[in-house]
Amino acid sequence: MAVPYNHHEVEQKWQKIWDDEQAFKVSEDYSKPKYYALVEFPYPSGAGLHVGHPRPYTALDIVARKRRMQGYNVLYPMGFDAFGLPTENYAIKNHIHPRIVTRNNVARFKEQLHALGYSFDWDREVNTTDEEYYKWTQWIFLKLFKAGLAYKSEMPINWCTSCKVGLANEEVVNGVCERCGSAVVRKVKSQWMLKITEYADRLIQDLDGVDYVERVKVSQKNWIGKSQGAEVDFTISGKEDKLRIYTTRPDTLFGATYMVVSPEHPLIDKYKEEIGNYEQLCAYREQAAKKSDFERTELAKDKTGVQIRGLTATNPVNGKEIPIWISDYVLMTYGTGAIMAVPAHDERDWEFAKKFGLPIIEVVAGSPVSVQEQVFTDVATGTLVNSEFLNGLSVADAKERIIAFLEEKGIGTSKTNFKLRDWVFSRQRYWGEPIPIVNCEKCGYVPMDENELPLTLPEVESYEPTDNGESPLAAMTEWVNTTCPCCGGPARRETDTMPQWAGSSWYFLRYMDPHNKEALASQEALKYWMPVDWYNGGMEHTTLHLLYSRFWHKFLYDQGVVPCPEPYQKRTSHGMILGLNPHSFVNQTQEEQKRLVEQYGSEKAARAALVEEFGEMAEHPIVKMSKSLGNVVNPDEIVEEYGADTLRTYEMFIGAFDMSAAWSEDGVKGCRRFLERVWKLQDILVEGEDYSADLETRMHQTIKKVSGDYENLKYNTAIAAMMALINDMNKKGAVTKGEYRTLLTLLNPVAPHITEELWQICGFAGKIYQTSWPEYEEAKTVEATVEIAMQIGGKMRGTFSIPQDLDKEQVIAQAKELLGDKLTGTIVKEIYVPGRLVNIVVKP
RNA sequence: GCUGGUGUGGCGGAAUGGCAGACGCAGCAGACUCAAAAUCUGCCGAGGGCAACCUUGUGUGGGUUCAAGUCCCACCACCAGCACCA
């Protein structure tokens, strides 16, 4: 009998052996085929590793381990994205330097990751807060600055009232701060901006050449929001000036009955003398400015606006004079900040026209209902009317025709617009990369000399942000006051720091050559390792990190720093690990449910009572894990009680990798039992390197299934296949050494410790991590005899077994014989699907 | 509202158009045990039948097909992202 499976001993033993042997050290031999597997590096929070972290890490650890066994030189690195607000806030609260907080947190994370047995090459660890790392983050910023892609701009930014920091649009969720949930207001500040918009088109186009899961591609495209239309100049009646608008429906130009400009549009101030109701407009503008983004979108469903008195516009195609309004449904930040309103064919314009009694003219016919009653926006079926030379054309043809006309007359051009805005790159915080720019009174903003990098963070007394919106660095006069690199005169350093997304925008490059002092990575390393072959990360990073890092990479490509235009060849996304909601009715024990029903009279009433007490959330049985609900699972405890191999197996078995899944401790136990059964197979081990006759097909099938599933994110069915195999082995009561060896190898990427231990116990040569991946023969995955389903008219009527190679007539004949009396009526069709079924279609 | 995704036993979930429910959990019964736990064996969608079996069943309603969880059309519910982007 085997000794009992002791996961503590086994896991500690093998983790030490791997460390001592440097088992997963990346080879510098660039002649070998390479494979670069990447997971998003974590933010080392004070809470330690969450049970959600191991899911993607284990998935790609499986791929990495398998690739090594297949002979690849594998780069599977790990690091820490350690700059950021939570650390800084913790430091402020507890009066500890953020560097120390970071160091402690990183140490804890490393320990936890180590205990899970990942095959990371820790010699390549990166940390965004290391001077030797952020030196290159600053270096890239200087390149951006010199290329004119980093600029300073006075602009209204999203200001988090609690974090006291400016946020990028992407960091504002439903009008509140993504991190702390506090209200976000508009505040005008001078900010560093990055011109990501310059890359908008390429960021969409190049998605065609990469293998990203569809939903990631779609969200990137939506976020960038490309639209094709035209800009048209309307004359302001009696003036030289033109009012330029953007529209995606130039075909409806003859239907424009009024115009709308955004409240911030410069037109208003320019003609304030002639505007009869300037005061009224200003009042409206002020009101609009006070609204947060949240109010503007969520609460202001009802259209508001004011007509500009004293100014009108002229439609350039028919000379019609139309009024101009201001309204906050037109945004200054998109297009030209002005629109022509075609109420018949645009929903918002229609609502506005109805509210203010403005005329609605149909120019696209085809709606079953009058446009006075209902807006008609269908572009596929309509035909142009009331539009002179466009009459009778389809919408698509009319667009083409009108744009040609506008361009010929010089009153308009075709134009592409994007929703994407430039990236707000400054943060009024301490714990980030200093921006290596100096502000000189004479020379303006001057970049630091590259050779002087890194510009390190100075020691400050207080990390507290100031209420006037300045970074804590501003108080460091010694550090701030410097000399201009250009003229040598007195100058001030930039006191804002970079956002957290800076360091994570290029970290995958540093892993290739992490100790390089001359460059962010050597050209040889970049040429060999790029692009990342497989990058997995969370959906929440699709419009932030993923887009930002693709932008930086494209820029570095244009600069000749990196050899390829796209950083990631393949991108997948894992689902979240959720927890049970302890307040939900369905998660109560049966007794408790019964008690609640009795107490409140019915299940409905009981549920309502729970909602009353705990809020809407009580209706959702499966929710995000949170401290306040007390349903957070600590991975350390799982590793302690069941072992890392069990945790790894469970997280892979929990469900489809890309879907969210609810944690279940019973499920963990099931996976532990599975490993115990694998352990106990050593008791029925028999001599023999070959597969036994009755398991040979199963072995080949399992190798095929597991190998394929590991490549296709189907870890759950790979494990199910191995479970099924050991069930068969146990039924048979014997396993040959050859069979066991294969099973252990297949399971090794998922459960590396226990499989190495068993390998050694069985006296197999070497270590599993040094062996090669098992092969299968396609011919041997086919059963000699197959079970055939019998159907009459598509209804199941039993099964029978035949040898694989029997021909159609014989199979059908046999089926008919077995069906006997059940087969009545005239046979109209006989179908045989080889190896699967016989279907006999009869007419009564 | 738009975009994408998901609806299958008590639960997590499997099924190149071809035997729905693999695998796991929970449950039930049995073996072992003084007993419990652990372990092992068997059963396990619903309805009917002593039984062999029969009927029914993958969110709803239609359709295509010899055959539909899977394909097509229309809807419903839930989840995620976007949301006055002209």
Side-chain angles (χ1 to χ4, degrees), chain A residues 4 173-174 213-219 221-223 225-227 229 245-249 252 260 262 296-298 300-303 327-331 333-342 345-349 351-352 417-421 539-540 542-543 575-576 578 586 590 620-622 649-650 653-656 658-671 673-674 676-677 680 714 716-727 730-731 787-799 822 828-842:
Chain A
V173 176
N174 290 332
V213 288
E214 192 57 22
R215 56 187 179 144
V216 171
K217 278 194 185 180
V218 168
S219 348
K221 281 181 194 162
N222 283 350
W223 189 263
K226 183 175 180 168
S227 82
I245 60 98
Y246 174 71
T247 178
T248 54
R249 293 293 303 277
T252 61
V260 188
S262 135
R296 245 171 120 142
T297 58
E298 284 299 309
K301 293 275 187 234
D302 232 14
K303 297 276 179 293
S327 172
D328 63 5
Y329 86 82
V330 175
L331 310 172
T333 46
Y334 184 78
T336 61
I339 62 157
M340 65 169 187
V342 184
H345 307 292
D346 180 279
E347 205 149 330
R348 294 148 302 177
D349 296 347
E351 268 177 46
F352 193 84
N417 264 329
F418 297 92
K419 285 193 219 175
L420 185 71
R421 321 243 177 101
M539 274 312 281
E540 70 274 22
T542 311
T543 49
M576 256 194 292
L578 304 171
V586 298
Q590 285 206 336
H620 299 270
I622 293 169
T649 307
Y650 174 63
F653 189 63
I654 192 167
D658 57 351
M659 303 243 274
S660 55
W663 183 267
S664 145
E665 185 135 352
D666 281 333
V668 177
K669 286 182 190 155
C671 288
R673 277 203 278 267
F674 164 59
E676 299 258 13
R677 283 150 69 105
K680 273 190 265 176
K714 301 186 74 171
N716 54 336
T717 49
I719 292 166
M722 290 186 279
M723 287 173 168
L725 178 64
I726 71 161
N727 287 348
N730 276 320
K731 257 189 202 118
E787 199 173 63
I788 299 290
M790 292 186 290
Q791 296 184 342
I792 299 175
K795 285 211 188 286
M796 274 298 297
R797 284 296 177 270
T799 60
K822 289 181 185 164
V828 289
K829 206 167 180 184
E830 291 168 347
I831 292 151
Y832 174 52
V833 182
R836 304 215 79 124
L837 60 69
V838 172
N839 186 11
I840 296 170
V841 187
V842 293

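Sequence lines set the chain letters: A, B, ... in the order given, protein chains first and strands last, and positions in each chain run from 1.
Among the heavy atoms of the strands lying under 4.0 Å from A/Glu787 is at least one base atom, whether or not backbone atoms are also near. If you check every strand for non-hydrogen atoms under 4.0 Å, A/Ala656 touches sugar and phosphate atoms only. Among the protein residues, A/Val833 comes within range of the nucleic acid bases, having at least one heavy atom under 4.0 Å from a base atom. Across all strands shown, A/Arg836 has heavy atoms under 4.0 Å from base atoms, whether or not it also approaches the sugar-phosphate. Using a 4.0 Å heavy-atom cutoff across all strands shown, A/Ser660 reaches sugar-phosphate atoms only and no base atom. As judged by a 4.0 angstrom heavy-atom cut-off over every strand, A/Lys217 is placed among residues making no nucleic acid contact. Residue-level contact check: A/Ser664 touches neither bases nor backbone, having no heavy atom under 4.0 Å from any strand. Contact annotation for A/Thr247: backbone-only contact, meaning every heavy-atom pair under 4.0 Å involves sugar-phosphate atoms and none involves a base. Heavy atoms of A/Gly335 sit nowhere under 4.0 angstrom from any nucleic acid atom.
At whole-Å resolution of the value, CG in A/Asn727 and P in B/C23 are 7 Å apart. Taking atom NZ on A/Lys221 and atom P on B/G4, their separation rounds to 11 Å, with Å as the unit. Nucleotide B/A67 holds its P atom 16 Å from the CE atom of A/Met796, rounded to whole Å. A/Phe352 places its CZ atom 18 Å from the P atom of B/A86, with the value rounded to the nearest Å. The separation between A/Tyr832 atom OH and B/G17 atom P is 20 Å, rounded to whole Å. As rounded to whole Å, 12 Å separates atom P of B/A68 from atom CG of A/Leu837. Atom C1' of nucleotide B/A22 and atom CZ of A/Phe674 are separated by 14 Å, given to the nearest angstrom. The interatomic distance linking A/Ile245 (CD1) with B/C84 (P) rounds to 20 Å, in whole Å.
Look at the P atom in both B/C73 and B/U64: the space between them is 15 Å, to the nearest Å. Comparing the P positions of B/C2 and B/G13 gives a spacing of 28 Å, expressed to the nearest Å. Going from the P atom of B/A46 to that of B/C28 covers 15 Å, rounded to whole Å. Taking the P atom of each, B/C40 and B/C54 are spaced 35 Å apart, rounded to whole Å. Rounded to the nearest Å, the gap between the P atom of B/A20 and that of B/C44 is 16 Å. When the C1' atom is used for both B/G5 and B/G9, the distance is 24 Å, rounded to whole Å. Between B/U8 and B/G81, the two C1' atoms lie 26 Å apart (nearest whole Å). Distance check on atom P: B/G12 versus B/U56 gives 27 Å, rounded to whole Å.
Each of B/A86, B/A26, B/C84 was ranked by its minimum atom distance to the side chain of A/Arg673; first place goes to B/A26. Comparing B/G24, B/C82, B/A86 by their closest approach to the side chain of A/Trp223 singles out B/C82. With B/A67, B/A22, B/A15 as the choices, the nucleotide that has an atom nearest any side-chain atom of A/Asn839 turns out to be B/A67. Among the nucleotides B/C19, B/A86, B/G4, the one closest to the side chain of A/Arg215 is B/G4. Here B/G18 is the nucleotide among B/C40, B/C19, B/G18 with the atom lying nearest to any side-chain atom of A/Ile831. Nearest nucleotide to the side chain of A/Tyr246, out of B/A86, B/C19, B/U39: B/A86. Among B/G42, B/C19, B/A15, the nucleotide with an atom closest to any side-chain atom of A/Lys714 is B/A15. Side-chain atoms of A/Asn716 lie closest to B/G13 of the nucleotides B/A67, B/U39, B/G13. With B/A86, B/C23, B/G18 as the candidates, the nucleotide lying closest to the side chain of A/Ile339 is B/A86.
Look at B/G57: it lacks any Watson-Crick or wobble partner with both distances under 3.5 angstrom. Pairing of B/C84, defined by two Watson-Crick or G-U wobble distances under 3.5 Å, is not identified with any nucleotide. Pair assignment for B/A29: B/U41, on the basis of Watson-Crick or G-U wobble contacts that are both within less than 3.5 Å. The base-pairing partner of B/U6, taking Watson-Crick or G-U wobble contacts with both distances under 3.5 Å, is B/A77. Using N1 to N3 plus N6-O4 or O6-N4 for Watson-Crick, or N1-O2 and O6-N3 for G-U wobble, each under 3.5 Å, B/A67 pairs with nothing. Figure legend. B/G17 is base-paired to no nucleotide; pairs are counted as Watson-Crick or G-U wobble with both atom distances under 3.5 Å.
A/Asn417 places no side-chain N or O within 3.5 Å of a backbone atom of A/Ser227 that could act as its donor or acceptor partner. Judged by distance alone, the side chain of A/Asn839 and the main-chain N or O of A/Gly793 form a donor-acceptor pair under 3.5 Å.
Using a 4.0 Å cut-off, some side-chain N or O of A/Tyr334 falls inside it from OP1 or OP2 of B/A86. At least one side-chain nitrogen or oxygen of A/Arg797 sits closer than 4.0 Å to the OP1 or OP2 atom of B/U55. The shortest distance between the side-chain N/O atoms of A/Ser227 and the OP1/OP2 oxygens of B/A86 is below 4.0 Å.
Side chain A/Lys303 to base B/C84: a donor-acceptor pair is found below 3.5 Å. Evaluation of atom-type donor-acceptor distances gives no pair under 3.5 Å for the side chain of A/Gln791 against the base of B/C66. Taking only distance into account, the side chain of A/Asp666 never meets the base of B/C25 through a donor-acceptor pair shorter than 3.5 Å.
In this structure B/G17 sits in the anti conformation; its chi angle is more than 90° from 0.
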Can A/Arg215 and A/Val218 be said to form a side chain to side chain contact (heavy atoms under 4.5 Å, CB included), step by step? CA-CA 5 Å; A/Arg215 56 187 179 144; A/Val218 168; 5.5 Å; no
Take A/Asn727 and A/Arg677 through the test side chain to side chain contact (heavy atoms under 4.5 Å, CB included) and record every step on the way to the result. CA-CA 9 Å; A/Asn727 287 348; A/Arg677 283 150 69 105; 2.4 Å; yes
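Other residues, nucleotides and ligands place more than 12 heavy atoms under 6.0 Å from the CD atom of A/Glu665.
In this structure, A/Lys303 satisfies the cation-pi test against A/Tyr329, with its NZ or CZ atom closer than 6.0 Å to the six-membered ring centre and inside 45 degrees of the ring normal.
If A/Phe653 and A/Val841 are placed on RNA chain B by their nearest nucleotide, the residue sitting closer to the 5' end is A/Phe653. When each of A/Phe418 and A/Gly794 is assigned the nucleotide of RNA chain B with its nearest heavy atom, A/Gly794 is the one assigned upstream, toward the 5' end.
Taking 4.5 Å as the limit, every side-chain heavy atom of A/Phe674 sits out of range of all side-chain heavy atoms of A/Tyr650.
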